Protein chains: 2
Amino acid sequence: MARPSDAKARFIDTAVILFRERGYHGVGLAEIIAQAKAPKGSFYFHFPGGKEELAECAIRYAGGYLPYMLQKSLRDAPDFRTGIEALVGHLARAFEASNWTKGCPIASILLDTAPYSERLSQAIRSVTDEWITAFGEATRRFDLGEDPRALAMRILVSLEGAWIMARIFKSREPFHEAVDMIVAGHAISGAPPQPASAG
Amino acid sequence: MARPSDAKARFIDTAVILFRERGYHGVGLAEIIAQAKAPKGSFYFHFPGGKEELAECAIRYAGGYLPYMLQKSLRDAPDFRTGIEALVGHLARAFEASNWTKGCPIASILLDTAPYSERLSQAIRSVTDEWITAFGEATRRFDLGEDPRALAMRILVSLEGAWIMARIFKSREPFHEAVDMIVAGHAISGAPPQPASAG
DNA sequence: GTAGTTCTATGGCGATCACCATAGAACTAC
DNA sequence: GTAGTTCTATGGTGATCGCCATAGAACTAC
């Protein structure tokens with residue numbers, strides 16, 4: 001064999017890109033296979049479940065990126081607000097760099113398929129739950145004075161909404177409004193972390 | 001003729017319903033025509049521009065509903081917060097009643113097509129602008145102490161995000177978080193309207 | 001080197017896609 | 001009642017959809 005499962009990764013990468021741009025039904029397998037530069041026959045070897053299995057892999061793969069970015073943004077931030085601004089700012093710049101075509105990799109599939117594909121709905125719920133859990137851990141060192149789960153939900157609501165509105169207006173403004181809403185939500189939350197228990 | 005353009009309205013109504021559920025590419029014309037109980041040949045008489053023209057009509061038709069609901073909710077509200085709660089509460093209940101399938105009629109088309117269809121992108125931007133304008137007029141009687149356009153953008157960001165997160169979790173909670181973020185954003189904005197200039 | 005597994009490569013399946021040509025029915029205007 | 005317009009009704013187009021059968025190449029294990 002050429003390389004162990006090199007083609008499979010290319011399939012998933014390509015699927016993430018194209019699904020973000022035009023949704024699940026907006027992209028055909030032919031285009032994915034062509035852009036992945038993989039042979040047509042390889043596809044059903046790596047994904048016996050067909051297009052739906054590919055989409056699930058794409059959801060889980062892409063869904064792992066946001067917790068990573070979250071942890072990276074909050075890890076070195078002096079306070080909560082700065083961390084959130086770094087996170088949202090990064091996502092907004094990436095979105096703009098794609099000419100407002102590549103938004104949330106989850107939402108574009110969600111609106112096309114849920115709840116008609118229980119498999120994909122389940123995968124989306126799964127990665128979203130993971131993000132909320134990751135948020136709770138990443139913000140433990142801040143004293144946010146609020147239920148971290150509710151705060152995580154607010155951030156997701158703001159982010160998803162910003163991705164949509166920014167796509168409509170081709171503007172970063174919705175992301176700025178999102179940040180303002182997040183940090184205003186739990187008031188004067190810019191409180192620095194407790195240095196006492198820092199290890 | 002049977003009735004003047006009765007079939008055309010059914011086409012649009014059906015399109016709004018199905019596009020909300022599964023997006024632009026997730027629904028075929030055959031299904032729309034069948035569910036509209038209209039003959040196949042009528043379609044291209046009423047929509048020479050094909051599926052894309054139908055989608056534009058659906059966007060503009062459905063897009064007119066939110067300004068209507070906005071005005072209705074804020075008209076009799078004693079204060080801004082109450083009005084927003086009524087608006088969001090109504091949308092959330094309707095969403096739940098559809099078993100979390102019929103969310104924003106705009107977003108599902110947007111994520112499938114923009115920016116690959118300039119026609120649909122333009123239509124979406126148009127109805128969104130109309131909503132922002134309507135918001136400014138509907139809230140003039142409140143002294144919100146904030147740029148109405150920025151506040152309108154916050155509401156749209158919150159609403160769109162809530163529609164997505166509620167679809168994931170099949171829960172009204174995202175809408176509650178959205179309301180909290182909106183009203184917390186401009187602080188103690190529950191101030192009653194000036195009764196002086198009321199006509 | 002032979003067997004077995006992994007992956008590539010090609011071709012084509014039935015079904016559905018959006019779209020359109022054509023003919024006739026239903027109604028208005030004169 | 002005839003002409004003209006509006007709308008219905010049927011049938012079918014080429015293209016693309018997701019899916020799969022089959023064969024062979026590339027590599028590992030013994």
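Just so it is clear, the structure is predicted and the values come from calculations on it, not from any experiment. Chain letters run A, B, ... following the sequence lines, proteins first and then strands; every chain starts at 1.
When the P atom of dC17(D) is taken as reference, atom CD of Glu31(A) falls 8 Å away, rounded to whole Å. Between the NZ atom of Lys8(A) and the C1' atom of dT8(C) there is a distance of 16 Å, given to the nearest Å. Atom CZ in Phe47(B) sits roughly 13 Å away from atom P in dC19(C) (whole-Å rounding). Rounded to an integer number of Å, the gap from Arg10(A) CZ to dC7(C) C1' is 12 Å. To the nearest angstrom, P of dA26(C) lies 16 Å from CZ of Phe45(B). Here the P atom of nucleotide dT8(C) and the CG atom of Asp6(A) are 8 Å apart, to the nearest Å. Taking atom CD1 of residue Ile33(B) and atom C1' of nucleotide dT16(C), one finds them 13 Å apart after rounding to whole Å. Protein atom CG of Asp112(B) is 14 Å distant from nucleotide atom P of dC17(C), rounded to whole Å.
A close approach under 4.0 Å does occur between a side-chain nitrogen or oxygen of His46(A) and OP1 or OP2 of dT8(C).
In this view, Thr113(A) and Tyr24(A), His25(A), Ile109(A), Ser117(A), Leu120(A) satisfy the side-chain contact (heavy atoms from CB on, under 4.5 Å) rule, not counting sequence neighbours. Under the side-chain hydrogen bond (donor to acceptor under 3.5 Å, both in side chains) criterion, Arg140(A) pairs with no residue, sequence neighbours left out. Contacts of Phe45(B) classified as side-chain contact (heavy atoms from CB on, under 4.5 Å), with partners at least two apart in sequence or in another chain: none. With sequence neighbours left out, the side-chain hydrogen bond (donor to acceptor under 3.5 Å, both in side chains) criterion links Tyr61(A) to no other residue. Ser121(B) meets the side-chain contact (heavy atoms from CB on, under 4.5 Å) test with Ala114(B), Arg125(B); sequence neighbours excluded. Remark: Ser42(B) pairs with Phe11(B), Pro39(B), His46(B) by the side-chain contact (heavy atoms from CB on, under 4.5 Å) rule, at least two apart or across chains.
Near DNA chain D, meaning a heavy atom under 4.0 Å from it, residues 20-30 of chain A has Val27(A), Gly28(A), Leu29(A), Ala30(A) in order of number.
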Could you write out each protein N or O paired with an N or O of nucleotides 20-25 of chain D at a distance under 3.5 Å?
none

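With dT8(C), dC19(D), dC19(C) as the choices, the nucleotide that has an atom nearest any side-chain atom of Lys51(B) turns out to be dC19(C).
Residues in residues 46-68 of chain B take part in these salt bridge (Lys or Arg N to Asp or Glu O under 4.0 Å) pairs, two or more places apart or across chains: Glu56(B)-Arg60(B), Glu56(B)-Arg119(B). Sorted by first and then second residue, the salt bridge (Lys or Arg N to Asp or Glu O under 4.0 Å) pairs with a member in residues 99-112 of chain A read Glu21(A)-Lys102(A); sequence neighbours excluded. Among residue pairs with one or both ends in residues 91-101 of chain A, those qualifying as salt bridge (Lys or Arg N to Asp or Glu O under 4.0 Å) are Glu96(A)-Arg172(A); sequence neighbours excluded.
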Worksheet item: How is the base pairing of DNA chain C summarised as a dot-bracket string, given the Watson-Crick and G-U wobble criteria with both distances under 3.5 Å, [ ] for crossing and | for another strand?
Response: ||||||||||||||||||||||||||||||

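Atom CG of residue Leu156(A) and atom CG of residue Leu66(A) lie 7.0 Å apart, to the nearest 0.5 angstrom.
Among all heavy-atom pairs drawn from Ala166(B) and Phe175(B), the shortest one is CB-CE1, 3.6 Å.
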